[in-house]
Amino acid sequence: MKKSIWVFHVNAGACNNCDIEIVDLLTPRFDVERFGIKLVGSPRHADALLVTGAGTRQAAIRVREVYRQTPKPCVVFLIGACACGMGIFQKGYHIVGPLDKIIREVDPNAIIAYVPGCPPKPEAMISGVVKALSAI
Ligand code: SF4
């Protein structure tokens, strides 16, 4: 990718700890804008999605819709153990994940990158994003 990457954050049923780490990632302390990573308020302006959570029944509808609204090509970063593979919520009655399956129902060729951890540290997210972008 030859341009800055603008990201849109989606909570798909996270406990909020991963989301707090994403907020931390976006503070001046980690200064991710030096890599061109910038949070935007609409998926229509985003190059990538930062998705947290195990994929609840209610959130799955929104995740599909947000993915459809994001211009292609886009990269979906699944942040945290729950987003990567449902984590501790995998036996929950309300879980319809994993999220990669939900997204691939919309687009079988979706570009998906996984950042595991519970929650992953901001450094792990930076490393995941930079590695994925250099691989694309
Ligand atoms: S991976 Fe851990 S911190 Fe993140 S949403 Fe799941 S339980 Fe919460």
Side-chain angles (χ1 to χ4, degrees):
M1 206 171 270
K2 289 185 180 167
K3 63 187 193 83
S4 299
I5 180 166
W6 289 8
V7 298
F8 182 75
H9 173 209
V10 186
N11 183 328
C15 75
N16 273 353
N17 234 340
C18 283
D19 307 283
I20 290 168
E21 295 296 333
I22 288 177
V23 171
D24 194 15
L25 171 78
L26 298 167
T27 61
R29 183 176 172 211
F30 290 97
D31 190 21
V32 287
E33 285 197 24
R34 72 194 139 124
F35 301 119
I37 302 169
K38 182 177 182 247
L39 185 71
V40 291
S42 165
R44 295 180 201 280
H45 300 159
D47 306 294
L49 300 175
L50 301 180
V51 189
T52 60
T56 61
R57 193 181 313 279
Q58 196 176 32
I61 299 163
R62 277 75 179 186
V63 169
R64 288 190 199 101
E65 192 53 34
V66 164
Y67 183 80
R68 282 192 196 101
Q69 291 174 351
T70 310
K72 310 295 180 299
C74 76
V75 188
V76 180
F77 291 96
L78 300 180
I79 307 286
C82 290
C84 291
M86 299 184 289
I88 58 170
F89 298 111
Q90 60 182 276
K91 294 203 171 128
Y93 68 92
H94 58 311
I95 301 298
V96 294
L99 283 169
D100 51 2
K101 187 188 105 200
I102 291 169
I103 290 162
R104 290 220 157 93
E105 284 167 9
V106 181
D107 178 5
N109 300 317
I111 304 167
I112 299 178
Y114 302 83
V115 183
C118 183
K121 288 181 166 191
E123 293 90 334
M125 294 183 212
I126 294 172
S127 169
V129 169
V130 171
K131 270 188 203 154
L133 293 182
S134 36
I136 292 168

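Whatever order the structure lists ligands and atoms in, that order sets their numbers, starting from 1.
Salt-bridge annotation for Glu65 and Arg62: absent, with no side-chain N of the basic residue lying under 4.0 Å from a carboxylate O of the acidic one.
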Would you tabulate the side-chain donor-acceptor contacts of residues 84-103 under 3.5 Å, counting partners in other chains and residues two or more places apart, or write 'none'?
residue	atom	partner	partner atom	Å
Gln90	NE2	Gly87	O	3.1
Asp100	OD2	Tyr114	OH	2.7

Side chains of residues 35-46: which donor-acceptor pairs under 3.5 Å do they make with residues two or more places apart or in other chains?
residue	atom	partner	partner atom	Å
Ser42	OG	Arg44	N	3.0

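Among protein atoms, those of element N, O or S found less than 2.8 Å away from atom 4 (Fe) of ligand 1 are Cys18 SG.
Around atom CZ of Arg29, no more than 12 heavy atoms belonging to other residues, nucleotides or ligands sit under 6.0 Å away.
There is no path of hydrophobic side-chain contacts, each under 4.5 Å, that joins Ile79 to Ile112.
Listed by chain and number, the residues in a side chain to side chain donor-acceptor pair (under 3.5 Å) with Glu33 amount to none (sequence neighbours excluded).
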